[in-house]
Amino acid sequence: MTAADTVMIPVDRLTAAQARDELARLAAGIRHHDELYYQNDAPEISDADYDALKRRNGEIEARFPDLVLPDSPSKRVGVEPAAGFAKVRHAAPMLSLDNAFGEEDVRDFFEGVRRFIKELKDDPTIPIEAVAEPKIDGLSASLRYEDGEFVQGATRGDGTEGEEITANLRTLKDIPQKLTGAGWPGVLEVRGEVYMSRPDFFALNERQEAAGEKVFANPRNAAAGSLRQLDPKITETRPLRFFAYSWGQMSRPIDGSQWAVLQRFRDWGFSTNPLARLCASVEDVLALYGEVAAQRATLDYDIDGVVYKLNRLDWQARMGSSSRAPRWAIAHKFPAEQAQTILEKIDIQVGRTGALTPVARLKPVTVGGVVVSNATLHNEDEIARKDVREGDTVIIQRAGDVIPQVVAVVTEKRPADSGPFEFPHECPICGSNAIREPGEAARRCTGGLICRAQAVERLKHFVSRNAFDIEGFGKKHIEAFWQDGLIKTPGDIFRLRARRDEIAAREGWGEQSADNLLAAIEDRREIGLDRFIYALGIRQVGSSTARLLAKTYLSLAAWRAAMDRAADPEGEDHADLIAIDGIGPAMAADIAGFFAEDHNRKIMDDLAGDLGGKVTGELTVTDFAAPATDGSPIAGKTVVFTGTLETMTRGEAKARAEALGAKVAGSVSAKTDYLVAGPGAGSKAKKAAELGVATLTEQEWLDLIGQA
Ligand code: IVH
């Protein structure tokens with residue numbers, strides 16, 4: 001149905017009965033076209049015709065407000081999530097890896113394991129076996145099998161939530177549709193790396209170039225671009241491969257060791273990396289590292305290090321994980337690759353916290369397969385220390401995903417007329433003073449939100465992937481909307497729906513793209529506390545710190561109230577805050593600084609209501625969903641350990657308590673639920689007694705958690 005096939009009775013002549021009929025037809029018709037457009041990427045009518053249908057619907061509704069249907073197209077802002085992939089919540093988080101940049105770091109890792117696991121600490125002759133295998137430079141994916149059938153595949157995303165790319169993953173020959181062999185758990189999530197071989201990458205780029213299409217910078221980007229195709233038919237033409245190396249949810253544990261699991265994966269039809277080895281000691285893993293490094297250039301796929309994983313699964317479980325990475329594995333990275341080039345200019349960028357960051361604009365050069373034309377210079381002192389000047393020949397390096405860096409200047413090649421770089425004392429964007437606080441490395445613009453760069457960077461951060469993740473709201477749009485006064489603060493984003501027509505009328509926009517954006521925004525009107533905290537863009541508070549805060553304070557109201565009180569460095573809330581593992585005094589000071597600023601409080605109020613429980617804001621911030629620790633007797637309790645423990649190390653005690661949903665603090669306060677005191681407990685036991693905090697022996701603690 002298009003507007004043209006309808007018998008168009010002028011709206012002002014419609015009877016109520018005709019209007020009711022036509023509204024019903026319009027609703028069904030528009031829904032049909034929405035589906036074709038959003039879900040099938042195959043619209044049957046032009047945008048103009050679609051807009052005409054919506055306009056007619058609106059006009060009839062304006063004349064007969066009583067007849068507006070509950071599911072009227074005028075109430076729906078688009079229907080489905082803006083074209084793209086559905087989101088999948090990972091049953092078990094997809095973690096990252098900690099890095100080791102040299103032999104010393106690797107030895108530290110093995111020693112750390114020995115210190116953590118009591119029997120290893122007590123008997124230094126027990127070997128620590130590890131599986132070592134290349135770290136593939138690709139993208140991780142999680143494959144879910146139910147009763148042996150591949151049912152769902154997802155990207156890593158932010159580790160908690162990824163994108164559903166089942167159809168694309170089905171096109172990979174290395175991914176079995178049905179598991180072979182026997183003995184797999186009913187529910188099994190196999191995880192591993194999707195990658196493209198170097199020869200396939202070069203061939204793809206040749207085809208792309210011949211067809212006048214985009215060429216990719218490296219195999220990893222080519223693999224990512226191929227996997228994120230909305231049309232699986234395109235993915236099918238891209239030669240992607242998969243190595244299995246780990247797992248997520250399982251309905252029952254796989255027996256054996258890490259090494260045995262790799263064998264099982266092969267039995268079930270997966271490829272595992274042929275260079276993987278079971279190593280008996282740190283010396284063995286280092287030897288394998290040397291072998292792999294020597295073969296790196298001749299392998300037909302890109303790798304950026306070697307990963308070591310404890311072979312014993314019970315030790316893996318005991319070591320546990322932080323919110324970011326497992327403690328039982330480490331990635332030993334290859335040294336960064338370096339190159340020489342000319343630094344043409346130093347630009348100053350202004351970030352969301354006002355920090356002036358110098359960026360080196362380089363004569364493009366290839367480093368480790370990637371063309372680099374920008375590198376960070378960190379800050380003013382760094383430029384002075386290395387005496388980096390415009391026109392210099394510099395050595396730059398690039399390691400993995402890290403932003404390329406300027407390592408040193410080749411002074412012999414310095415032009416005779418060069419002079420030291422003068423770091424500006426004004427913001428290059430808004431002209432406000434740029435000052436350096438004592439002890440701070442960064443010079444910061446004092447313009448606050450009047451500075452376009454700060455305001456726009458904060459908004460960009462707010463909608464970014466790990467924050468509100470508003471699809472289709474890119475940098476250019478935010479800049480333009482800010483410039484034209486459509487959005488000045490984060491709350492304005494959620495009021496954009498009132499300005500739909502204005503957006504639709506903008507150059508380069510239209511009804512449909514405006515509706516897409518508004519739909520993506522509506523999708524995020526409910527948001528988890530961790531994402532909300534991260535989105536605020538508090539200095540030093542990244543995704544994992546935001547998660548820690550959410551996990552500790554659980555609700556927005558509780559968090560805000562505690563942060564207000566934590567401003568007092570002598571107070572208990574301050575002590576509680578810095579007792580959180582991963583949060584130190586400097587971060588606490590930045591959080592306090594954020595709360596001390598009136599405009600930040602206004603932003604929070606505007607977004608999420610006031611603290612009296614009366615919701616006035618634009619959003620619903622949902623409480624942190626604690627990981628399933630149902631039935632755990634210590635879920636939500638705060639525990640402090642002191643003295644010597646007999647059956648486990650302090651680290652393990654803490655990890656176990658956290659896995660059972662408890663918070664482990666470093667000092668005793670009125671909020672402490674249990675003090676677990678071993679022999680030698682001193683002042684903490686005294687304080688607990690004064691405050692009436694329950695004090696347990698190690699055995700009582702083990703009895704309580706049922707793991708005696
Ligand atoms: S093990 C719990 N093994 O590196 C994490 N990861 O930088 C288990 N990666 O997110 C990961 N090759 O995507 C593991 N042989 C390998 C790997 C590997 C590449 C990726 C993985 C991870 C990232 C961390």
Side-chain angles (χ1 to χ4, degrees), residues 90-101 105-106 109 113 130-143 153-163 165 169 174 189-197 218-221 223-224 227 240-250 254 257-259 261-262 265-266 270-279 285 288-289 291-293 295-296 299 301-311 313 315-334 336 399-402 466 543-544 655 659:
H90 298 302
M94 287 183 81
L95 299 174
S96 180
L97 287 170
D98 284 333
N99 290 324
F101 292 105
D105 291 350
V106 176
F109 168 75
V113 172
V131 171
E133 59 175 306
K135 182 168 188 303
I136 313 299
D137 202 2
L139 301 95
S140 47
S142 187
L143 316 173
T155 63
R156 173 164 182 270
D158 64 3
T160 313
E161 204 178 65
E163 284 177 322
I165 49 163
L169 288 170
D174 288 342
E189 281 177 6
V190 173
R191 292 178 175 174
E193 206 80 354
V194 175
Y195 67 99
M196 189 179 285
S197 77
N218 54 43
R220 183 180 187 282
N221 288 357
L227 206 52
L240 294 172
R241 303 173 182 215
F242 181 81
F243 279 132
Y245 54 63
S246 115
W247 57 91
Q249 196 186 30
M250 285 187 295
I254 310 179
S257 58
Q258 179 76 32
W259 186 245
V261 172
L262 288 183
F265 282 171
R266 286 191 293 275
F270 293 97
S271 301
T272 60
N273 193 290
L275 299 174
R277 291 281 176 281
L278 177 59
C279 297
V285 302
L288 185 81
Y289 174 87
E291 277 174 42
V292 174
Q295 292 181 54
R296 183 180 184 192
L299 289 178
Y301 47 88
D302 280 355
I303 61 175
D304 56 354
V306 182
V307 185
Y308 310 137
K309 307 168 196 181
L310 291 189
N311 188 39
L313 301 182
W315 288 353
Q316 288 189 5
R318 285 170 64 183
M319 296 292 297
S321 304
S322 73
S323 56
R324 204 191 81 83
R327 291 191 204 91
W328 46 264
I330 193 144
H332 187 179
K333 302 296 278 284
F334 292 131
D401 285 343
V402 187
N466 291 340
S543 281
S544 58

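The chain is numbered in sequence order, starting from 1. Heavy-atom basis, side chains included; hydrogens, waters and symmetry copies ignored. Ligands are counted one by one from 1 in listed order, and the atoms in each one are counted from 1 as well.
One option in A331, G138, P134 has a heavy atom closer to atom 15 (N) of ligand 1 than any other, and that option is P134. Nearest-residue assignment for atom 11 (C) of ligand 1 (options W328, Y308, Y245, W247; heavy-atom criterion): Y245.
Scanning the protein heavy atoms around atom 8 (C) of ligand 1, the nearest turns out to be S246 OG, 4.1 Å. Looking only at protein heavy atoms, the nearest one to atom 13 (O) of ligand 1 is E193 OE1, 2.9 Å. When only non-hydrogen protein atoms are considered, atom 2 (C) of ligand 1 lies nearest to P326 CG, 3.6 Å. In this structure, atom 23 (C) of ligand 1 lies nearest to the protein heavy atom K135 NZ, 4.0 Å. Nearest non-hydrogen protein atom to atom 24 (C) of ligand 1 is L97 N, 3.6 Å.
Annotation: I136 places an N or O atom under 3.5 Å from an N or O atom of ligand 1; distance criterion only.
Counting atoms of ligand 1 from 1 in the listed order, those under 4.0 Å from a heavy atom of L95 are 5 (C), 10 (O). Close approach of ligand 1 to S140 is summarised as follows: ligand atoms under 4.0 Å from at least one heavy atom of the residue are 13 (O).
Between Y289 and H332, the ring planes lie parallel to each other; the angle is under 30°, not in the 30° to 60° tilted range.
Taking CZ from R156 and OG from S96, the interatomic distance works out to 5.0 Å, rounded to the nearest 0.5 Å. Here the CG atom belonging to N273 is positioned 9.5 Å from the CG atom belonging to L262, to the nearest 0.5 angstrom.
Using 4.0 Å as the threshold, K309 has a heavy atom nearer than that to some atom of ligand 1.
The backbone N or O of E133 lies less than 3.5 Å from no partner atom in the side chain of R277, so there is not a single donor-acceptor pair.
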